[in-house]
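First, the structure itself, so that you have it in front of you.
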There are 2 protein chains.
Amino acid sequence: MAAAAGVSKTTAVFVLNDRPNFSIPEETRTRVQNAAKLLGYRRNGLAAALSHGKTGSIGIVVNIEAGQQDSELGASYLLGVLLSATQAASAAGLRLTTIAYDVTNPPPPDEVTDNRVDGLLLVGIMDEAFTRAVYGTGFPCVTVGSGYALRRVTADNAAGATQAVEHLISLGHRRIAYASPGLTRADRERRQGWLETMERHGLPSDGLEQDWEPLLEWIESQAPDAPTAVFCRNDSYAALLVPAARRKGIRVPEDLSVVGFDSGIIAEAMELTSVRNPLPELTARAVEMLTGLIAGKEVPELVTLPTKLNVRRSTASLGAAS
Amino acid sequence: MAAAAGVSKTTAVFVLNDRPNFSIPEETRTRVQNAAKLLGYRRNGLAAALSHGKTGSIGIVVNIEAGQQDSELGASYLLGVLLSATQAASAAGLRLTTIAYDVTNPPPPDEVTDNRVDGLLLVGIMDEAFTRAVYGTGFPCVTVGSGYALRRVTADNAAGATQAVEHLISLGHRRIAYASPGLTRADRERRQGWLETMERHGLPSDGLEQDWEPLLEWIESQAPDAPTAVFCRNDSYAALLVPAARRKGIRVPEDLSVVGFDSGIIAEAMELTSVRNPLPELTARAVEMLTGLIAGKEVPELVTLPTKLNVRRSTASLGAAS
DNA sequence: CTGAAAGCGCTAACAG
DNA sequence: CTGTTAGCGCTTTCAG
């Protein structure tokens, strides 16, 4: 320790960490600093962390599988979360440690809660057993978006779906499909919003919930009851549907209006009308809850944040083929 | 420690970490395991790390400013890196800790090298002083992409530019612009590739290097010498240019061919022809070098990986307005 | 095969 | 104002 080469311990700590401790003789101070420089001293953050029991970083457990394909399209949500979480953590003076979760080979819950981070954010983990195990350890954690956990912060998926559907209705559409394989909780919540909105407006919904491929074939067939608009479970889904539609000669938005969900980078790039998933706010909130938890405070069980619709160029009035 | 509740220390370590140590009486083993369960024992990874001097995680210093705007478009490269680095690290059994770097308030080099990670990946850091300081500490680090550091792994930017330009030439284009503000090393390398290729094919390049706005005005003016194709510094840039062009009534690819660089999520979403920046390979290689460095091995100073062109739908033969 | 003891590098009382 | 001391919780020789 630098102390050896000059004065001694506590003193060194004071100058090196410059503590709210007045009066350290200039002379001593510089002596320590020189010694430090000379010996090439660098603080060992690990030891410090062990000592005072805080690592200054939080973990984010992400389902990495989503980004494993050749295409990054499916990972767009994850990317948005990673970016905004990094920013949120950084704003809170914390580092973000990414912990990869792979469904086929999930990490042992004990390993992710092994104190190398002060708390955990869970994202997109559809594994109930894992989630329960992690929460069960009592380690501070909050989930972002949908998931099995109680303690979570999420966008208002149903309300978002309603915004999407009402936008379409206001454009004159009546045959509005919901494109989704319906796997996740978010999918189901969005579906619910779509369904209720359709019903509230007296519009039929039967047969209008499908995967995008059959949907496109239906539209291509020009059947009179084919949908004229489709609300996609998320942007990635729309990014699959729109080019496929165009390839079939179905013009967007002239022949078909489409709206996505997330309004992330993909939506921007393809000028897709989309419901904004407020990731920066969501993650900021989650980080806040997490730090609260770490500090031993009470935090809400569920926080739901509002969405808004970003109208871009993939939706148009029914029959307004320009 | 669990040891207290049953047997004693070393033994506990053996069973809990199950070491390559044969012969632990079944009885003792279960006894320890039960005790552990009972006391809710969880290993403290931090203490372990301090003890054997390896944290099992590497850091990635990213310039977070790029993603700070309202739009995520500018952060697409960063997103791609983050995702592939997470995967690369995970494949190597490492965690990835994101360390935000903000130009206006850069973290002290000493803080990023404080041993809370075993090594560092630097991405998109244009701050020479910072880079030097970090490398100067002797802490293991390698930079991904361009940057001031010697030890780095990057795509072959010039060759990639050549691929882009030659594709355009093969489509009959002769007035090929390079859209770039020319700030970064990568920009300059790509420019170099563009320039050399133009020259090699006897094509003029004067005045063809500009920002996208003046470029579009020029094209809109229908001047006879206006470019018919543009090679953009990266996908994000193309994502700005293409919609703006369409808004001016310039059709892509009928009136204007455009090719991007990175071929990431944006290019996929907008079906942009783009030079692939091999991020997964790049980051995997970088992680490999880093682990080598950490293990005290010699590693190459510079690794350059090839790009390839992904032809999508933003480029077409000159005059082939369909 | 199991126990004791030292120490990783730092922090945090508590004395001098 | 500066030095001593006792740990943080684990790993790791080295004995029993």
Side-chain angles (χ1 to χ4, degrees), chain A residues 1-36 38-57 108 110-118 137-139 294, chain B residues 1-36 38-57 108 110-118 137-139 294:
Chain A
M1 152 117 246
V7 284
S8 70
K9 217 124 159 200
T10 326
T11 318
V13 173
F14 280 169
V15 10
L16 264 14
N17 293 9
D18 54 21
R19 289 294 199 68
N21 193 325
F22 326 122
S23 49
I24 295 113
E26 255 328 300
E27 191 254 314
T28 315
R29 153 161 294 166
T30 49
R31 187 147 45 99
V32 175
Q33 288 175 331
N34 288 157
L38 211 98
L39 308 200
Y41 172 79
R42 268 178 303 130
R43 191 163 169 281
N44 184 328
L46 213 58
L50 174 60
S51 187
H52 58 35
K54 294 265 142 296
T55 64
S57 63
D110 278 3
E111 195 176 305
V112 311
T113 58
D114 76 353
N115 285 58
R116 276 146 71 192
V117 291
D118 297 334
T137 61
F139 196 74
I294 292 169
Chain B
M1 153 117 244
V7 284
S8 70
K9 216 121 161 203
T10 327
T11 318
V13 174
F14 280 170
V15 10
L16 263 15
N17 293 7
D18 55 20
R19 289 294 198 68
N21 193 324
F22 325 124
S23 49
I24 294 114
E26 253 330 298
E27 192 254 312
T28 315
R29 154 162 294 166
T30 48
R31 187 148 45 99
V32 175
Q33 288 174 332
N34 288 159
L38 210 100
L39 307 202
Y41 172 80
R42 268 179 302 131
R43 192 165 169 283
N44 183 326
L46 212 59
L50 174 60
S51 187
H52 57 35
K54 294 263 143 297
T55 64
S57 63
D110 277 3
E111 195 176 305
V112 311
T113 57
D114 76 354
N115 285 57
R116 276 145 72 190
V117 293
D118 296 334
T137 62
F139 197 74
I294 293 169

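A quick note: this is a predicted structure, and the numbers were derived from the prediction, not measured. We use all heavy atoms of the structure for the numbers below, so side chains are in, but hydrogens, waters and symmetry mates are not. Numbered from 1 within each chain, the chains take letters A, B, ... in sequence-line order.
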Check A:D118 against A:G56 and note the closest heavy-atom contact, atom names and distance.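 Smallest interatomic distance, heavy atoms only, reads OD2-N, 2.9 Å.
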What residues, two or more places apart in sequence or in another chain, satisfy side-chain hydrogen bond (donor to acceptor under 3.5 Å, both in side chains) together with B:D114? B:R116
Given atom NE2 of A:H52 and atom P of D:dC8, what is their separation to the nearest angstrom?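 Spelled out: NE2 on A:H52 to P on D:dC8 is 15 Å.
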For a quick test of reading the model, state the closest non-hydrogen atom pair linking B:R42 to A:N115 and the distance between them. NH1-OD1, 4.0 Å
Of all the choices, D:dT11, D:dG9, C:dT11, which nucleotide is nearest to the side chain of B:A48 once you look at every atom?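 Nucleotide nearest to B:A48's side chain: D:dT11.
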Does A:R43 make a side-chain N or O approach to OP1 or OP2 of C:dT11 shorter than 4.0 Å?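 Yes.
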Rounded to whole Å, please give me the gap between CG in A:L46 and P in D:dG9. 14 Å
Separation of C:dG9 atom P from B:K54 atom NZ, nearest Å, is 12 Å
Rounding to a whole Å, what distance do you find between A:Y41:OH and C:dG9:C1'?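 To the nearest whole Å, that distance equals 7 Å.
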Using 0.5 Å steps for rounding, measure from the CG atom of A:L46 to the OG atom of B:S51.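 One gets 10.5 Å once the value is rounded to the nearest 0.5 Å.
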Check the distance between D:dT11's C1' and A:N115's CG and give it to me in whole angstrom.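 Answer to the nearest Å: 17 Å.
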Taking CG from B:D114 and P from C:dT11, how many angstroms apart are they, rounded to a whole number? 11 Å
Atom-to-atom span, CG of A:L50 to C1' of D:dA6 - whole angstrom: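 These atoms are roughly 14 Å apart.
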Mind calculating the distance between CG (A:N44) and P (D:dC8) to the nearest angstrom?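 Going from A:N44 (CG) to D:dC8 (P), I get 18 Å.
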